[in-house]
2 protein chains.
Amino acid sequence: MAPITKKPTIKDVAKLAGVSFKTVSRVVNNEASVSDAVRDKVNECINKLNYRPNHTARTMRKAPFSLAFVYDNPNSNYVIQMQNGIISQCRKQGFELVIRPTDSKAEDVGKELAAMIGSNQIGGVILTPPLSENRALVTFLLNQGAKVVRILSGSEPPDDLAPVIYVDDIAAGDDITAYLLQLGHRRIAFLGHNPAHESSRGRLQGYQQAHDKQGVSVDKNLIIEGEFTFESGMKMTQTLLENNPQRPTAIFACNDEIAAGAVFMARLQNLRIPEDISIVGFENSPFSVQTLPHLTTMDQPNFDIAASAAALVISLMQEQKEMKTSSKGFNPKLLIRDSATQPATSK
Amino acid sequence: MAPITKKPTIKDVAKLAGVSFKTVSRVVNNEASVSDAVRDKVNECINKLNYRPNHTARTMRKAPFSLAFVYDNPNSNYVIQMQNGIISQCRKQGFELVIRPTDSKAEDVGKELAAMIGSNQIGGVILTPPLSENRALVTFLLNQGAKVVRILSGSEPPDDLAPVIYVDDIAAGDDITAYLLQLGHRRIAFLGHNPAHESSRGRLQGYQQAHDKQGVSVDKNLIIEGEFTFESGMKMTQTLLENNPQRPTAIFACNDEIAAGAVFMARLQNLRIPEDISIVGFENSPFSVQTLPHLTTMDQPNFDIAASAAALVISLMQEQKEMKTSSKGFNPKLLIRDSATQPATSK
DNA sequence: TTAATGGTTGACAACGTTGACATGATAACG
DNA sequence: CGTTATCATGTCAACGTTGTCAACCATTAA
C-alpha cells in the first residue's frame, strides 16, 4: 500500500460521490432516509478512498467513546485477564480503552481521573478492588459526570450508588470448604486471612459457614494471616506446620498463588500432595497449573466478569438514564483437579 | 464536591476573568506574551471553575495525543511491566495510552491499527516481539502515517525502517554463561531453545559464545527445546535429567518461569539447589523470587525499556522529522542471588 | 387541480480549541 | 515630536463531524 499523503475526510468522499457531505455522514451512521442507490455509491467511494470517520471529531460532537480501567493490584494475571475482557467487549462495541494503573493513593487517582473526565477523554470508569470499595471515590467520579461500574466481592450490591458486578466470595468459600469437608477432612487450614482484604474476608466467612453447616468446629490455630503472594504462601505454610504438631489434613489457600507457595513448601517438608495433605486454591489463575499436581480450585471467570462490566458501562454511557438496577452477580465454580483427595485416616 | 451541571469551557473562564477566550488559551498553553497580572487572574479563574482543556478538541486542532501498545504475549508479568513503563512516561508528557492485545494474526492487527490511525485516535505505536519482528507490519503502519517504535532483541537496530529499542540478548546470554563457567561449571544445560523465538536464539548464541571464549565445548544433549513456561520448564528438566546420566552441574534457563519450573522439578528429584545443581534464570521477573532459593538471573529492565520506547514515540510524534537515528540499546545485568554456586567437584 | 404527505437531500451552525492575522497601547529611537 | 518596533490582546476562521431545519421531489388524498 502506498504512503498516504493526507487522511481523507467526509468531504472528500462527498466530492467523489457527488453528494453533500451530510449525506455521507448519514451513510456512515447508518441513518434511515438514504436511498439505496446513493447509499451504495457512497459506500463504494468510502472503500475507494479508505475513509475512516475521525473518531476525535465525532467524540467532540457527541460523547466520549472511551472508558478507563483503573487498577491497583499487584497480581499481573488478574489485571491482564480483566483488561483483556474489557477490551474484548469494547472492541465489539467500537469503544476504546484507556488504562490507568495507580499506586493506591486514592486521592490522586480521583484527581487524575477527574482530569480525564473533565477533559472529555473518557465517559466511564471501571473500578476493581480495592479501589472499588472506596465509596468516596465513586461518589466523586459520579459527580464529575462519569459513568461508574464497580467490581466487588459480595453476594449482592452494597448500595445504589452505581451498578456493581459482584462476585460471591462467601458462597464460593463455602463451596470449596464443603467439598473438602465432604471428602472427609476435619482439620482444614485457611491460608491468607487478611481483614483489610474484602475477598479474603468473604472467603473466610464462607469457610466458617461451611463448617457451621456440618457442625464441624474450626481450630483458630489453622487460620493464618498473610499476603496473596507465593512467598507469603510458603511462609504461612511453614508457620502452619511448625505450630500444629497435629497436622491439618487439608489447606484452603485464599488464592492460587498462595496455594502454589504452599505446595512448594509442603514438598520441601517431604509431604506428598494430596496423599499427605490436600491443598486447594482459588481463582483458577495460571498459578493453578504451575504446580504438581495441578490445583483443585475455584474457577473465577475474570474475563467474563470484566467483559460484563464493560458492557454495563457502555450501556450507561449510551443510554442517558441511570440504570441503577443493572448490577449482576457471578459465582465461581468448583474446579476439581488433582491436589485434593480424601484424608489418609478416612481411607 | 457538588455535582457538576456542565463542564466549563474556555469561554466560561474568559467571561469570568473578563478577557477574551484566546487569552485564556494562551495561558493554558503557557505561551509567552501574556502579562503576569492577566496570567494570574486567568489561572485563578481556571482553578475556581475547575476548568480542564478539552482533550478532544485539542486533538482535533493539533495532532493525536495518544499512542497504542500492541502486545501478543502470554507472559502477564512482561506485559504489565511494559505497560506500566509506557504509561508512566505517557503521564509525564500528558499523553494517553490505548491498549491493543491481539491474537498474533498479524494481518488483522494491521487492519485494526490502521483503522485507529486513520480515525486519528492514535499517532504512534509501540510494538513488542514477536509483532515487532514483522517488517511488513511496520512498513504498513508507517505508510498509514503513524510513528512506530519497535522493541527488539539484538545488539543493534536491524534496519532503518523505524527506531528500535533493542535488548542485547547475545551479550546477556554470554554474561550469565560466563559467570557459570567462571564458577567452575563445565556441563551447563540450556533450557528453552526455540528457533522461532528471537530472544531464545540470542541467548543461546551468547551461551555458545561464552563457551567458545573459554575453549569449553558444548554438549548438544544439554540443549533442550521448549516453551517459555513453568510447565515446560518442569518437563525440560525431567527430560534433561533422564537423558543425561552424567548430570549437568548447572542449568541456564531461558527465562525465570522456566527456571522456576526447573527448580521445582529438581526438588522433586531430590536435588538440592544450588549444592547439587545450580540454576539460573533470565529477566528478573516475579518468578525469580517465587522459588527457594531465589534465582540468580539477568535483570532486564522492562519498565525502563518501555518508558524509553514511549519517550521515543512521543518525541517522534512531536517533532515532525523522522529521527531514524534515535534507537537505543539496553543491556541486562547479572543479578546474583542464591541459586548458583560452585559445582561440587571443584569445591 | 390543489393541497397535503412522506421520503430524500442539502445548507448551515455548532462542538471547544488553536493558528493566522489584526489591533491597540506602550516604549524606543532619531 | 513623529516614526517605528515591541508587546499584549482580540477577532475570526478552521479542524471534521453531527444536529437542526429547510427545501425538494414524487406521490397520494381531497
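A note on names: the letters A, B, ... follow the listed sequences, proteins ahead of strands, and every chain is numbered from 1.
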Value in whole Å for how far the [atom2] atom of [N] lies from [atom1] of [X]:
X: Asn29(B); N: dG16(C); atom1: CG; atom2: P; result: 17 Å
X: Lys62(B); N: dA20(C); atom1: NZ; atom2: C1'; result: 14 Å
X: Met60(B); N: dA13(D); atom1: CE; atom2: P; result: 16 Å
X: His55(A); N: dT17(D); atom1: NE2; atom2: P; result: 12 Å
X: Tyr51(A); N: dT17(D); atom1: OH; atom2: C1'; result: 7 Å
X: Asn30(B); N: dT18(C); atom1: CG; atom2: C1'; result: 15 Å
X: Asn54(B); N: dT17(C); atom1: CG; atom2: P; result: 6 Å
X: Arg61(A); N: dT18(D); atom1: CZ; atom2: P; result: 9 Å

Item to check | Side-chain N or O of Thr9(A) closer than 4.0 Å to phosphate OP1/OP2 of dG16(D) | outcome: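 For dG16(D), neither OP1 nor OP2 has a side-chain N or O of Thr9(A) closer than 4.0 Å.
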Checklist entry - For DNA chain C, which residues in residues 42-49 of chain A have a heavy atom at a distance below 4.0 Å? => result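 Hits under 4.0 Å, by residue number: none.
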Checklist entry - So how far off straight is the helix from dT1(C)-dA30(D) to dG30(C)-dC1(D), going by the axes through five pairs at either end, to 10°? => result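 For the helix from dT1(C)-dA30(D) to dG30(C)-dC1(D), the axes at either end differ by 60°.
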Item to check | Euclidean distance, Gln300(B) CD relative to Ser199(B) OG, rounded to 0.5 Å | outcome: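 Result: 7.0 Å between the selected atoms.
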Checklist entry - Would Asn120(B) and Arg58(A) count as having a side-chain donor-acceptor pair, cut-off 3.5 Å? => result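 No, no side-chain donor-acceptor contact under 3.5 Å.
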Item to check | Residues Ser76(A) and Asn77(B): side-chain donor-acceptor under 3.5 angstrom | outcome: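 Their side chains do contain a donor-acceptor pair, which is all the 3.5 Å distance test asks for.
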Checklist entry - Within the structure shown, what part of the strands sits under 4.0 Å from Asn120(B) by heavy-atom distance: base, sugar-phosphate, or nothing? => result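 Contact class for Asn120(B): none.
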Checklist entry - Looking only at heavy atoms, what is the nearest atom pair of Gly154(B) and Tyr166(B), with distance? => result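 Shortest heavy-atom contact: O-CD1, 3.4 Å.
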Checklist entry - What closest approach, in Å, do Ala68(A) and Ile122(A) show between heavy atoms, and which atom pair accounts for it? => result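 For Ala68(A) versus Ile122(A), the nearest heavy atoms are CB-CD1, 3.6 Å.
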Checklist entry - Is a side-chain N or O of Thr23(A) found less than 3.5 angstrom from the main chain of Val19(A), in a donor-acceptor match? => result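 No, the answer is negative, given that no donor and acceptor are paired below the 3.5 Å cut-off.
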Item to check | With Ile165(A), the side-chain contact (heavy atoms from CB on, under 4.5 Å) member among Leu152(A), Asp304(A), Val149(A) | outcome: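 When side-chain contact (heavy atoms from CB on, under 4.5 Å) is applied between Ile165(A) and each of Leu152(A), Asp304(A), Val149(A), only Val149(A) qualifies.
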Checklist entry - Of all residues at least two apart in sequence or in a different chain, which pass the side-chain contact (heavy atoms from CB on, under 4.5 Å) check with Arg100(B)? => result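 Once residues adjacent in sequence are excluded, the partners of Arg100(B) under the side-chain contact (heavy atoms from CB on, under 4.5 Å) criterion are Arg91(A), Glu96(A), Val70(B), Glu112(B), Leu113(B), Met116(B).
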Checklist entry - In chain order, what residues pass the side-chain contact (heavy atoms from CB on, under 4.5 Å) check against Ala306(A), with sequence neighbours excluded? => result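 Result, side-chain contact (heavy atoms from CB on, under 4.5 Å) vs Ala306(A): Met82(A), Ile86(A).
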Enumerate all atom pairs, one protein N or O and one N or O from nucleotides 8-11 of chain D, separated by less than 3.5 Å.
{"from": "dT9(D)", "atom 1": "OP1", "to": "Ser35(B)", "atom 2": "OG", "distance (Å)": "3.1"}
{"from": "dT9(D)", "atom 1": "OP2", "to": "Ser35(B)", "atom 2": "N", "distance (Å)": "2.8"}
{"from": "dT9(D)", "atom 1": "OP2", "to": "Ser35(B)", "atom 2": "OG", "distance (Å)": "3.3"}
{"from": "dG10(D)", "atom 1": "OP1", "to": "Ser20(B)", "atom 2": "N", "distance (Å)": "3.4"}
{"from": "dG10(D)", "atom 1": "OP2", "to": "Ser20(B)", "atom 2": "N", "distance (Å)": "2.9"}
{"from": "dG10(D)", "atom 1": "OP2", "to": "Ser20(B)", "atom 2": "OG", "distance (Å)": "3.0"}
{"from": "dG10(D)", "atom 1": "OP2", "to": "Thr23(B)", "atom 2": "OG1", "distance (Å)": "2.4"}
{"from": "dG10(D)", "atom 1": "N7", "to": "Arg26(B)", "atom 2": "NH1", "distance (Å)": "3.3"}
{"from": "dG10(D)", "atom 1": "O6", "to": "Arg26(B)", "atom 2": "NH2", "distance (Å)": "2.6"}

Next on the checklist: Going by ring pair (Phe, Tyr, Trp, His ring centres under 6.0 Å), name the pairs with one or both residues in residues 57-80 of chain A, residues two or more places apart or in two chains.
Outcome noted: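 Only His55(A)-Phe65(A), Phe65(A)-Phe95(A), Phe69(A)-Tyr71(A) qualify under ring pair (Phe, Tyr, Trp, His ring centres under 6.0 Å).
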Item to check | Arg150(A) and Asp159(A): CA distance, side-chain angles, deciding distance, salt bridge (Lys or Arg N to Asp or Glu O under 4.0 Å) verdict | outcome: CA-CA 11 Å; Arg150(A) 293 168 291 169; Asp159(A) 55 53; 2.7 Å; yes
